[in-house]
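In listed order, ligands and their atoms are each counted from 1. Quick caveat: nothing in here was measured; it's all calculated off a predicted structure.
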Amino acid sequence: MPNQQINDALNGQIASEFASWYSYLAMSAWCSREQLSGCAGWLRAQAQEEYTHAMKIYEFLLDRDVEVRLSPLEAPRETFASIVEIFESALHQEQENTKRIDELFHMAMEQKAFASLVELQWFVTEQVEEEKTARTNLARIKMIADDPAAILDFDNALGERTLPMDTSPQ
Ligand SMILES: [Fe+2]
Ligand SMILES: [Fe+2]
């Protein structure tokens, strides 16, 4: 089958995006328990965004009549020492994902898998934005780490992000 290798790798990327979804959800739960509801909401929205990334590749494979294979998800990290560690972990996660996307892009180029290349271009651009946001959040939380009042202001500001999807119970 043509482009088997890139198709397998794209199935792998679906799992990576779902792993990010799960991981941001765990970070959100940690923040909720620490009474940082703004950060919790922001991370929950971020988790939803990762879900949409996974589904974007899922749709792409189906559109091209490629078999979708969903792998088991590992439990995400659930313990963090501080809110700073949450945002360190978020940046690290995005940097790792950028590496995976870059490798996929390279593979698609080598295999002359043009449709995959164009699809992946969206992810290359998205990762620039994802890393920028993660870097900004980390820098800001580090600046104010010892100031509880400033952390609450930061929490309120992040809480203004709206959820991409309505997932409230019906
Ligand atoms: Fe993503
Ligand atoms: Fe991301």
Side-chain angles (χ1 to χ4, degrees), residues 5-32 36 38-64 66 68-80 82-109 113 115-142 154-155 157-167:
Q5 198 189 352
I6 187 74
N7 290 339
D8 288 347
L10 286 168
N11 265 307
Q13 188 60 28
I14 293 179
S16 294
E17 298 292 345
F18 277 130
S20 292
W21 163 62
Y22 227 24
S23 170
Y24 278 125
L25 198 59
M27 291 182 206
S28 176
W30 185 93
C31 290
S32 287
L36 293 166
C39 292
W42 191 93
L43 288 159
R44 197 166 146 181
Q46 188 62 26
Q48 286 193 355
E49 212 176 283
E50 299 300 348
Y51 172 88
T52 66
H53 295 168
M55 293 307 288
K56 186 165 165 51
I57 303 171
Y58 171 102
E59 299 282 0
F60 172 73
L61 292 180
L62 289 179
D63 284 350
R64 304 192 63 238
V66 174
V68 166
R69 274 171 286 114
L70 300 174
S71 322
L73 281 181
E74 279 183 26
R77 177 179 171 187
E78 284 170 331
T79 24
F80 301 90
S82 65
I83 186 67
V84 173
E85 238 182 63
I86 290 273
F87 287 100
E88 273 171 354
S89 182
L91 176 59
H92 179 72
Q93 180 170 303
E94 292 304 333
Q95 287 167 334
E96 290 301 307
N97 198 46
T98 300
K99 282 186 206 159
R100 281 191 292 271
I101 296 289
D102 286 355
E103 280 165 19
L104 277 170
F105 196 81
H106 186 228
M107 185 188 286
M109 273 173 81
S116 298
L117 199 65
V118 172
E119 179 71 13
L120 284 164
Q121 194 173 334
W122 184 91
F123 284 87
V124 172
T125 308
E126 174 69 11
Q127 281 312 114
V128 173
E129 197 56 37
E130 292 275 75
E131 277 197 38
K132 180 185 157 199
T133 307
R135 211 175 291 115
T136 303
N137 282 340
L138 178 58
R140 288 188 182 159
I141 198 74
K142 272 182 166 171
F154 175 85
D155 188 62
L158 283 202
E160 282 169 20
R161 180 176 184 180
T162 51
L163 286 171
M165 285 180 264
D166 180 8
T167 50

Are Phe154 and Phe87 near enough that their ring centres are under 6.0 Å apart?
->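 Yes: the rings meet the under 6.0 Å criterion.
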For residues 40-51, run the donor-acceptor check on the side chains, cut-off 3.5 Å, and write out each pair with its distance to 0.1 Å, sequence neighbours left out.
unit_1	atom_1	unit_2	atom_2	d
Gln46	OE1	Arg161	NH1	2.9
Gln46	OE1	Arg161	NH2	3.2
Gln46	NE2	Glu130	OE1	3.0
Gln46	NE2	Glu130	OE2	3.1
Gln48	OE1	Met165	N	2.7
Gln48	NE2	Met165	O	3.3
Gln48	NE2	Thr167	OG1	3.3
Glu49	OE1	Arg161	NH2	2.7
Glu50	OE1	His53	ND1	3.1

With Glu17, which residues qualify under salt bridge (charged side-chain N to carboxylate O under 4.0 Å, His left out), at least two apart?
->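 Not a single residue meets the salt bridge (charged side-chain N to carboxylate O under 4.0 Å, His left out) criterion with Glu17.
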For the pair Arg135 and Glu94, find out whether any cationic side-chain nitrogen is under 4.0 Å from an anionic carboxylate oxygen.
->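 Salt bridge absent between Arg135 and Glu94.
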Between Glu103 and Arg100, is there a salt bridge with N-O shorter than 4.0 Å?
->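 The answer is no: the pair does not qualify as a salt bridge.
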If you look only at pairs with a residue in residues 20-31, which of them pass as a salt bridge (charged side-chain N to carboxylate O under 4.0 Å, His left out), with sequence neighbours excluded?
->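 Checked against salt bridge (charged side-chain N to carboxylate O under 4.0 Å, His left out) - neighbours excluded - no pair reaches residues 20-31.
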Every N, O or S from the protein that is nearer than 2.8 Å to the Fe ion (ligand 1) =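 Hits for the Fe ion (ligand 1) below 2.8 Å: Glu17 OE1, Glu50 OE1, His53 ND1.
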